[in-house]
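Since the model is a prediction, treat every value here as computed from it, not as a measurement.
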Amino acid sequence: MFKVFWSVLHRDLLLAVRRRTDVLTTLVFFVIVVSLFPLGVGTERAVLRVLGPGVAWVAALLSSMLALERLFAADYEDGTLEQLLLTDQPLVLLTLAKIAAHWLLTGLPLVLIAPLVGMQYHLTDSAITVMMMSLLLGTPVLSLIGAIGAALTLGLRGGGILLALLILPLYIPVLVYGAGAVTVGAVALGEARLYLTLLAAFLVAALALAPFACAAALRISIE
Amino acid sequence: MFKVFWSVLHRDLLLAVRRRTDVLTTLVFFVIVVSLFPLGVGTERAVLRVLGPGVAWVAALLSSMLALERLFAADYEDGTLEQLLLTDQPLVLLTLAKIAAHWLLTGLPLVLIAPLVGMQYHLTDSAITVMMMSLLLGTPVLSLIGAIGAALTLGLRGGGILLALLILPLYIPVLVYGAGAVTVGAVALGEARLYLTLLAAFLVAALALAPFACAAALRISIE
Amino acid sequence: MTKPWSRFAAPASFYPLTGRLIPVFWVLAAAFILIALYWGFFETPDQLGGSNAQKGYYRIIFIHVGAAWMSMWLYAMLVAWAAVGLVFKTRLSFMMANAIAPTGAIFTFLALWTGAIWGRPSWGTYWDWDPRLTSELILFFLYIGYIALHSAIDDNRRADRAASLLAIVGLVMVPVIFWSINCPDPNQCAALHQRSGLRKVDGNILFAMLTMTLGFWMYSFATTLMRVRSMILTREAETAWVQDLVRAPERG
Amino acid sequence: MLQVAKLECRRGDRLLFCGLDFQIEAGTLLHVRGRNGSGKTTLLRILCGLFTQDDGEVRWKGESIRTLAEDFRRDLLYLGHLNGIKDDLTGVENLRLATTLDGDRVGRDALWAALRRIGLAGFEDLPTRMLSQGQKKRVALTRLILSRAPLWVLDEPFTALDLDAVNLLQELIATHVAAGGLAVLTTHQTVPLTSGQARHLDLGA
Amino acid sequence: MLQVAKLECRRGDRLLFCGLDFQIEAGTLLHVRGRNGSGKTTLLRILCGLFTQDDGEVRWKGESIRTLAEDFRRDLLYLGHLNGIKDDLTGVENLRLATTLDGDRVGRDALWAALRRIGLAGFEDLPTRMLSQGQKKRVALTRLILSRAPLWVLDEPFTALDLDAVNLLQELIATHVAAGGLAVLTTHQTVPLTSGQARHLDLGA
Amino acid sequence: MMTKMLEFISQGGYAGYVWSAYGMTMTLLFIETVGLRRGNRAILARLQRLLRLCNAGDKQ
Ligand code: HEM
Ligand SMILES: Nc1ncnc2c1ncn2[C@@H]1O[C@H](COP(=O)(O)OP(=O)(O)OP(=O)(O)O)[C@@H](O)[C@H]1O
Ligand SMILES: Nc1ncnc2c1ncn2[C@@H]1O[C@H](COP(=O)(O)OP(=O)(O)OP(=O)(O)O)[C@@H](O)[C@H]1O
Ligand SMILES: [Mg+2]
Ligand SMILES: [Mg+2]
């Protein structure tokens, strides 16, 4: 059982190591999007401070979503997904392994780079801490929900942008509470506790439900 | 000569008609991204008014870029690109036709929907006019420059995000002058003239150079 | 899926049944809407006084409220049919879900449109990021997502099931989304119902509004059923009963 | 063992087959024949449970494959048009993953030996991206050497292979069938194997 | 006509061939043979100018194909592993586009007739997405019926085709060669055509 | 009569708002209805054509 989980996880990480750029690109995309705004909006500190949390979270949403497009697509195109569906292992587990690998490769790096964003937007230290925590709790939810969309749009032409259309609205709660936490957290860490608790609750719910939906979606899409 | 230009253009438009959603999705993606920001940043009118031009332009950048990913990819995967390269027609012309189709399908709709964004961000009427004009001049530049990136990343795994990395930095001048024009245009239409002239200059330069670079990139990528 | 009644019998008997129902719905829809229009324009006061002072433009209410309600009701019905389809694997329910979507999207758009127009004279702006407005916008995106996914997939069977799964996921997420928009600050969720829908309004206004909504309901039934009929025809083109049906007008 | 009852399938608006009935026992090779577009690939995918028929049932050891689900999949090995190997992994890595997922434990040496047997000596630890079409196909076929599944479903396994490889593959299938396995395959090429002791199923286009 | 001089090519760190010299005249069929991975596809792509050799030159009518560029491509028809047809367009639309780009004007009826000849009657105006593997391949091959290019380069054209289609294709190639055309092809299948009057080129793996 | 009409049309000075809202509503509903009728007819016509072709094929 866990052997299978590990071997799929290991495979995906190994593939990422082979093409190191994939991990890097999500990260760099995030940084670029974040850096574009001051160019479009202007560089007044007061404005930037208000903008910071929202921009960082929208950028996280977008980069998570972009990376999701390839979550199952590569496996679908070369036929390995078909083979995964034909193993005698529970598909939910395989799906979860793939989502886990995806988060490790694209969500976790965002958490680690968050302080950089904080600096770019002149956020306070406590806001930066809250931002890291909210990303840590929120990005797995993005991966989990997004995986459903990725499975549904598998193999469709124009999949990337269709995926965006399907899942960005579903990301809204995470965005609202994630960005909300950071905004509130600018004053004091404690203020954000409620927000973070809510994000944690989302995470638990998503962990319990999303893999099943995703497995069902995969079965539908492979036909 | 023009027969070929038309027949490639016609083919791409026909393909878009077959999958009508493709056009729609770019547009809706733009609208969604624009609508996400107020949810993350807060809904104060004064803040939104400052944000508006930047957000609209960043969203235009992103949706143009996302759509670009499929510009050559589909043709590459099914081998039609190979066949295009083997015709006795000048490749530059074929490339230009594909870019033109792409802009008609993804750039032009953004121009038309711009007033909506203006309303969402409480922009003044003159700002909205300037926004439409700047998008009209700027989005073809995005398509032209982006096409080079799309050609270079052809067939690479994780191409979407790699593409973002390559071309978003190149988009910066357009972003700066596009968003700048709108910000300045909020006061009076005339103020934005200089910005718009610059955008027009970009467009002319891109039209003259980009198709060649793009054709060269295609030849490299197909090997 | 293998049960015969769910595969052929249902569409085959459903088709003629709807053929008889649709005209009834059309007539009812036209009647209700006309009555509502008449009542709305001629039997109601020219302006609202008092606390919610509104000039002539308040007449938008008759379509605005109906459209907004329909947009939500139709989404609920869509999800219900989708769920039935996934659980019982009946083709007709998928078709029903799919047929509701465009009408739902139209009403959502109308709620947004009429609301925006009303907002201009009333609030001085076409758009504001008020929770209710934002929710309606998100609902519009959800409709578009459903439609886009369905039409992006060529294989009807896959399209039905994929889009239905999306609708179910929506069912789980929609309350969360709406609640998060309504209550961006979890410390102060009391402000949830800042504008209660129907306060003391003139009975005539209420009558016109409700009649219009009823008309919209009838209209939705009619369009949905018509769309289902088209779908049945295209999807079951090979079956004997469709062929008979097609042959019938030729003979007659 | 494998039984197909009243199978019906339509794609687009064409009826591919209806009322298809057959049964194959252990030790049988079934060659599904038919013109281009007659529905061979579709039938094979239905047999694996990758595609859902419009009517009828596929049974394995007397039970529907839908209810058996994972128990059926344990007994099955399917190789389709797509090779099902990851371009960026080497042949050995691909095989290790495939065998782990099949629930087998195969040692490192066995993997190398299998790859060498299929004629990929010297290519074992190259990313399969760098292999030619036929070599990629060989990597996929190596699973046949290592598999212990009784039912093989092979969609045009001979394409892109050179003569040596075709012979080896025939031998593998023959051995599998002789040892009491079942194999269902399609191919347009005439190979001795299929003109020999095989049973045939003809799908009319 | 087509002349190859001192061609050398390496992929990865393997030398595929070096010092390859040959020349074929009008009215010749060249069958490139070799084991999987011996470099047939690579050679064919070099002949078309889609891949760049490490050394040596390919000449058409005495001039290097690099300098000829578009003039060479006008004389060339290449069909590779990929079919080069758009999934969302119908067979007719695909062909119309292909012929326009080749610079030919082919009427509507000729297109339909060609498709019917290749055995796709009834499928002419379906999106090719809905066709089986062999049917897709047939759509691509229809270009051979309509083409007037003297040089055909075909990479495994017989895969996925059923017997009827294989025979038709052989006939097409034979006619083309008899009429003074050139054809270079690879295939692992033994078909009468290639064992007949064809010249052979063996690439050692 | 005329003035009453005009008065009605002007909607107390808010004609633009009221009529664009009602106009859009009625237009969309109308378009949907017409589109549906057309679609239905087109499908029936196509099926009939197919059937005729089929019959013609049988006779040959
Ligand atoms: C969930 C969707 C909606 C529902 C259920 C809804 C319902 C209502 C109701 C019942 C009223 C009349 C009573 C009142 O004033 O509270 C109303 C008024 C109004 N609605 Fe909506 N509406 C919805 C969406 C929208 C949207 C999307 C907009 C704008 C784009 C909008 C703009 C307005 C305006 C401007 C008024 C007049 C309020 C005033 O000035 O008193 N509504 N709505
Ligand atoms: N992208 C690549 N990178 C590095 N090496 C490659 C690449 N593609 C192919 N090769 C190597 O080049 C050699 C020749 O490949 P090619 O595809 O030309 O063979 P082929 O003769 O067409 O084989 P087949 O009969 O299997 O189609 C192979 O040994 C392969 O390992
Ligand atoms: N995605 C699809 N949508 C609709 N129809 C399809 C689709 N794929 C295949 N078909 C149709 O189904 C029929 C059978 O296809 P299938 O791939 O099973 O044929 P096949 O016997 O494997 O042919 P081949 O020998 O060419 O591989 C074909 O007539 C084809 O037109
Ligand atoms: Mg097949
Ligand atoms: Mg080859």
Side-chain angles (χ1 to χ4, degrees), chain A residues 1-25 70-98 101-102 105 151 154-155 212 215-223, chain D residues 9 11 42 44-54 65-66 68-90 92-105 126-130 136-137 139-140 143 147-149 151-153 155:
Chain A
M1 205 66 170
F2 277 101
K3 184 115 192 297
V4 174
F5 183 86
W6 283 124
S7 74
V8 173
L9 185 65
H10 174 250
R11 181 196 78 151
D12 277 13
L13 296 181
L14 188 66
L15 281 171
V17 172
R18 288 285 148 81
R19 330 195 128 247
R20 240 151 299 163
T21 44
D22 280 13
V23 186
L24 215 69
T25 37
R70 303 293 313 165
L71 174 55
F72 300 112
D75 287 1
Y76 178 71
E77 282 153 19
D78 61 17
T80 41
L81 188 62
E82 211 169 75
Q83 294 293 346
L84 280 184
L85 286 179
L86 286 178
T87 59
D88 54 350
Q89 310 296 333
L91 185 57
V92 178
L93 208 67
L94 304 180
T95 320
L96 199 61
K98 281 196 71 71
H102 181 262
L105 293 169
L154 205 54
F212 291 92
L218 277 181
R219 287 221 181 277
I220 292 172
S221 290
I222 202 79
E223 286 227 329
Chain D
C9 179
R11 301 207 68 166
T42 310
L44 262 52
R45 289 178 74 85
I46 292 177
L47 291 185
C48 299
L50 283 174
F51 192 83
T52 314
Q53 64 272 29
D54 290 288
I65 61 168
R66 293 269 148 206
L68 282 176
E70 276 139 29
D71 293 323
F72 170 64
R73 293 204 287 276
R74 188 169 308 127
D75 289 344
L76 170 78
L77 193 149
Y78 168 74
L79 294 179
H81 289 313
L82 298 169
N83 290 322
I85 54 176
K86 295 250 59 120
D87 258 8
D88 287 320
L89 298 183
T90 66
V92 175
E93 285 165 343
N94 266 305
L95 277 185
R96 180 169 318 125
L97 185 79
T99 50
T100 314
L101 287 178
D102 285 345
D104 298 340
R105 264 170 196 277
L126 276 186
T128 52
R129 174 171 23 89
M130 298 206 174
K136 281 182 197 155
K137 188 97 191 181
V139 176
R143 286 183 59 198
S147 154
R148 286 178 304 173
L151 174 62
W152 289 1
V153 178
D155 198 357

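Between A/Gln83 and D/Tyr78, the shortest heavy-atom distance links the atoms NE2-O, 2.7 Å. Of all heavy-atom pairs between D/Leu101 and A/Ser7, the closest is CD2-OG, 4.3 Å. Smallest separation of non-hydrogen atoms from D/Thr90 and A/Arg18: N-NH1, 4.2 Å. Nearest heavy-atom pair across D/Leu89 and A/Arg11 is CD1-CG, 3.8 Å. The two residues A/Tyr76 and D/Leu82 make their nearest non-hydrogen contact at O-CD1, 4.1 Å.
Using a 4.5 Å heavy-atom cutoff, the side chains of D/Asp71 and A/Asp88 are not in contact. Counting heavy atoms from C-beta on, the side chains of A/Leu15 and D/Lys86 come closer than 4.5 Å. Between D/Arg45 and A/Glu82, some side-chain heavy-atom pair lies under the 4.5 Å cut-off.
With a threshold of 4.5 angstrom between heavy atoms, A/Leu81 does not approach chain D through any atom at all. With a threshold of 4.5 angstrom between heavy atoms, D/Arg96 does not approach chain A through any atom at all. Only the side chain of D/Leu97 has a heavy atom closer than 4.5 Å to any heavy atom of chain A.
When each of D/Pro127, D/Gly84, D/Ala98, D/Ala149 is checked for heavy-atom pairs under 4.5 Å with chain A, D/Gly84 comes out on top. Among the candidates D/Asn94, D/Leu76, D/Ile85, the residue making the largest number of heavy-atom pairs closer than 4.5 Å to chain A is D/Ile85.
Looking at D/Arg73, its side chain does come within 3.5 Å of a backbone N or O of A/Leu85 through a donor-acceptor pair. Between the side chain of A/Gln89 and the backbone N or O of D/Glu70, no donor-acceptor pair lies under 3.5 Å.
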